[in-house]
Amino acid sequence: MDRSVISASVSPTWPPITKWREKRHEEYGSNQRVHFDRRGSMTDVRVRFAPSPTGFLHVGGLRTALFNWLFARREGGTFILRIEDTDRDRSTDDAIEAIVNGLHWTGLDWDEGPYRQTDRLALYRQKAMELRERGKAYWCVCTPQELEARRKEAQAKGEPIKYDGRCRERGLTAPAEPAALRFRSPQEGQTVVDDLIKGTIAFDHAVLDDLIILRANGYATYNFSVVIDDALMGITHVIRGDDHVNNTPRQVALFKALEYRVPHFAHLPMILGADKSRLSKRHGATSVLAYQDMGYLPEALVNYLVRLGWSHGDQEMFSIQDMVEKFSFDHVQASAAACDPEKLQWLNAEYIKRGEPRRLADVLRPFLEKRGYDPRGPVQPQGGLEAVVPHLRERAKTLVEMAEWTMPYVTEPVAMDEAAAVKFLTTAAAPSLTKFAERLKTVNPFSKETIEPLVQAVLNDEHLKMGAFAQPLRVALTGKTFSPGIYEVMAILGKERTLDRITQALQRIPSS
RNA sequence: GGUCCCAUCGUCUAGCUUGGUCCAGGACGGCACCCUCUCAAGGUGCAGACACGGGUUCAAAUCCCGUUGGGACCA
């Protein structure tokens with residue numbers, strides 16, 4: 001393996017890996033981090049996640065990254081991030097950042113990289129020329145027009161559409177005209193791939209093209225650069241989407257021609273939209289960071305994704321540690337899976353329910369600030385956000401919901417739901433609210449134990465049922481028809497704000 | 001068009017390697033009831049699938065063949 005070539009070609013402009021690591025802990029210091037002791041368990045397993053930076057990181061890509069990461073951690077191996085940015089027209093630095101941010105958010109850390117293929121172009125050329133010198137590749141001067149014409153001809157005759165090998169035996173050494181370098185593919189026998197997920201797959205060499213490895217413009221093609229990188233980076237297991245299955249025999253042939261060890265392959269089934277069609281913008285959120293914005297916890301997304309195509313008996317919830325311990329290709333499904341937003345949401349709710357108040361308050365804060373909450377302002381709930389969170393975490397399915405429901409306790413005046421006011425803040429409700437406020441003024445201490453008897457007394461005096469009293473009170477206190485229990489709400493607001501809000505609500509009611 | 005992959009409740013899946021314990025288990029979602037100061041949560045229960053057709057076998061969701069359907073890649 002030629003490691004020196006790798007390190008020499010790493011971009012000097014890209015921030016060093018350690019910097020990203022530090023940043024991650026500052027920004028996302030969550031309680032889900034697991035630190036793996038790599039001493040003594042290092043194996044030579046090396047895997048990579050190799051996205052093209054042509055857009056945001058989508059959930060399919062994240063799952064591929066996740067399975068690579070899990071396998072690496074499980075085996076005590078090395079996880080490498082490689083950016084396949086050779087498509088210069090479509091690749092952007094923004095996209096690279098989006099990928100990096102997405103991986104950070106979910107906690108998938110890499111041990112090497114990010115490498116960038118654009119830093120390695122010379123290397124691909126060099127390797128391609130070596131192949132030519134050894135007679136494994138040849139110059140081809142067929143023009144795209146000629147190729148297209150012959151392809152059509154073949155199609156018309158019902159023959160297989162592949163390069164007809166015109167330049168194969170020409171033995172061109174230094175063509176004057178623009179020339180591409182073609183790989184001399186084996187034409188007989190077959191390649192058998194022992195896929196870790198799909199099992200044995202056989203490909204007849206007869207259908208293999210003499211594929212171009214170096215274009216006339218001097219750029220290496222996808223299949224070639226991937227093989228060079230995987231070989232030189234010492235990748236032992238290629239774990240990727242099964243849209244690459246058909247590339248595998250070509251790549252295996254290249255590995256062999258280059259006399260590199262052929263890695264193991266594991267082809268993950270695709271992720272589909274809820275309607276079973278290919279995942280696209282149509283399906284709403286496909287970007288990983290969009291899930292962050294929608295108030296999902298990273299561990300919920302990761303848990304959802306790991307169960308999409310992998311299982312461990314009937315278990316639904318897995319901590320990161322758990323997944324690492326239990327992950328195995330034996331239980332990876334061979335068929336594609338559809339995304340189910342409902343189940344993701346359920347998992348998110350489960351993780352929110354179990355979340356530490358302190359951490360929930362931390363991740364909730366940005367959502368509140370977006371809605372105008374000032375963490376240093378005068379309007380604060382009793383006990384801080386941490387005290388509010390426990391009452392909302394068992395109801396909220398996302399942090400967005402949680403933030404919305406938290407707003408009544410962190411803003412002043414309360415935002416009143418007019419429909420709710422019309423329905424509940426009526427002249428019929430006024431006497432009980434007035435009486436309750438009167439009695440509340442003298443209560444001390446202000447706690448559920450002391451307030452509850454007052455409520456009972458009001459109920460008795462007014463001949464009301466709890467529901468008839470609690471709803472108007474709830475609307476008065478929160479501006480909404482739903483909230484945590486009213487005693488909890490009062491505790492969060494404190495005595496003063498509770499009284500204020502009841503007074504304000506009473507003022508809305510026309511006295512009659 | 002060629003090659004390759006896939007196929008269990010609406011969805012994610014267990015079971016398939018080593019056929020019987022499966023008139024197919026769990027989860028999400030749905031429905032009903034219970035709990036209840038609202039909304040949730042929670043509890044209990046119900047409905048819901050082995051794509052189809054052959055074959056092998058005493059016995060097939062499980063093995064073999066075919067069909068159909070879906071998908072990927074090449075161009």
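Residue numbers start from 1 in every chain, and the chains themselves are labelled A, B, ... in the order their sequence lines are given, proteins ahead of strands.
Within 4.0 Å (heavy atoms only), A:K353 reaches sugar-phosphate atoms of the nucleic acid but no base atom. Counting any heavy atom pair closer than 4.0 Å across all strands shown, A:H331 reaches sugar-phosphate atoms only and no base atom. Residue A:I486 is in base contact, counting any heavy-atom pair closer than 4.0 Å across all strands shown. Counting non-hydrogen atoms under 4.0 angstrom, A:A202 reaches the backbone sugars and phosphates but no base. Nucleic acid contact class of A:G241 (heavy atoms, under 4.0 Å, all strands): none. Here A:Q333 lies in heavy-atom contact (under 4.0 Å) with sugar-phosphate atoms only. Using a 4.0 Å heavy-atom distance criterion, A:E350 is classed as a sugar-phosphate-only contact. A:P249 comes within contact range of no nucleotide atom at all, as no heavy-atom separation falls under 4.0 Å.
Residue A:R307 places its side chain closer to B:C12 than to any other of B:C39, B:C6, B:C12. Counting only heavy atoms from C-beta on, A:M466 has its side chain closest to B:C37 among B:C37, B:U11, B:U38. Closest approach to the A:K397 side chain among B:C4, B:U13, B:A41 is made by B:A41 (side chain taken as heavy atoms from C-beta onward). Distance from the side chain of A:D243 is smallest to B:A72 among B:A72, B:G10, B:U13. Candidate nucleotides B:U3, B:C28, B:A72 were compared by shortest atom distance to the side chain of A:V207, and B:U3 ranks first. Side-chain proximity of A:S335 to the nucleotides B:G42, B:C6, B:C39 is greatest for B:C6. For A:Y487, counting side-chain heavy atoms from C-beta on, the closest listed nucleotide (B:A40, B:C37, B:G42) is B:C37. For A:F203, whose side chain is taken as the heavy atoms from C-beta onward, the closest listed nucleotide among B:C4, B:U38, B:C73 is B:C4. Considering only side-chain atoms of A:S311, the nucleotide from B:U13, B:C12, B:U38 that sits closest is B:U13. Of the candidates B:U38, B:U13, B:C4, B:C4 carries the atom nearest the A:V245 side chain, counting heavy atoms from C-beta on.
Once rounded to the nearest 0.5 Å, the distance linking CG of A:N68 with CZ of A:R240 reads 10.5 Å.
Whole-Å rounding puts the A:L211 CG to B:U3 P distance at 19 Å. Rounding to whole angstrom units, CZ of residue A:R278 and P of B:G70 are separated by 17 Å. Remark: C1' of B:C73 and CZ of A:R250 are 8 Å apart, rounded to the nearest angstrom. Atom-to-atom, NE2 of A:H312 to P of B:G15 comes out at 10 Å; the value is rounded to the nearest Å. Rounded to an integer number of Å, the gap from CZ of A:F436 to P of B:C37 is 15 Å. In this entry the distance linking CG of A:D340 with P of B:C28 reads 11 Å, nearest Å. Rounded to whole Å, atom P of B:U38 lies 12 Å from atom NZ of A:K465. A:K343 places its NZ atom 8 Å from the C1' atom of B:U11, with the value rounded to the nearest Å.
One P atom belongs to B:C58, the other to B:C16, and the distance between them is 23 Å to the nearest Å. For the C1' atom pair drawn from B:C37 and B:A47, the interatomic distance equals 33 Å after rounding to whole Å. With both ends at atom C1', the span from B:C64 to B:U17 equals 16 Å, rounded to whole Å. As rounded to the nearest Å, B:A61 and B:A14 have C1' atoms that lie 12 Å from one another. Of the C1' atoms belonging to B:U13 and B:G29, the separation is 14 Å, rounded to the nearest Å. With C1' as the reference atom, B:U8 and B:G15 are 9 Å apart, rounded to whole Å. Taking atom P in both B:C28 and B:G66, the straight-line distance is 40 Å, to the nearest Å. Between B:G55 and B:G10, the distance separating the two C1' atoms is 33 Å to the nearest Å.
When every heavy atom of A:A179 is checked against every heavy atom of A:V141, the shortest pair comes out as CB-CG1, 3.9 Å. Residues A:K326 and A:W310 come closest through the heavy atom pair O-CZ2, 3.4 Å.
A donor-acceptor contact shorter than 3.5 Å links the side chain of A:E146 to the backbone of A:T143.
For A:R63 and A:F67, the positive end sits near the middle of the six-membered ring, less than 6.0 Å away and at most 45° from its axis.
Between the side chain of A:E316 and the base of B:G26, a donor-acceptor pair under 3.5 Å is found.
Place A:T200 and A:W310 on RNA chain B by their nearest nucleotides, and A:T200 ends up nearer the 5' end. Each of A:A334 and A:M270 was matched to the nucleotide of RNA chain B holding its nearest heavy atom; the match closer to the 5' end belongs to A:A334.
Donor-acceptor pairing under 3.5 Å is recorded for the side chains of A:D229 and A:Y124. In summary, the side chains of A:D85 and A:Q117 do not present any donor paired with an acceptor at a separation below 3.5 Å, with no hydrogens or angles considered. Using modelled atom types, one finds a donor on one side chain and an acceptor on the other under 3.5 Å when comparing A:T191 with A:H205.
Checking B:C37 for Watson-Crick or G-U wobble geometry (two distances, each under 3.5 Å) identifies no partner in any strand. Nucleotide B:C63 is matched to B:G55 when pairs are restricted to Watson-Crick or G-U wobble geometry with both distances under 3.5 angstrom. Under the Watson-Crick or G-U wobble criterion, with both distances below 3.5 Å, B:C31 is paired with B:G45. Using N1 to N3 plus N6-O4 or O6-N4 for Watson-Crick, or N1-O2 and O6-N3 for G-U wobble, each under 3.5 Å, B:A72 pairs with B:U3. Under the Watson-Crick or G-U wobble criterion, with both distances below 3.5 Å, B:C50 has no partner in any strand shown.
Between A:H264 and A:F71, the ring center distance fails the sub-6.0 Å criterion.
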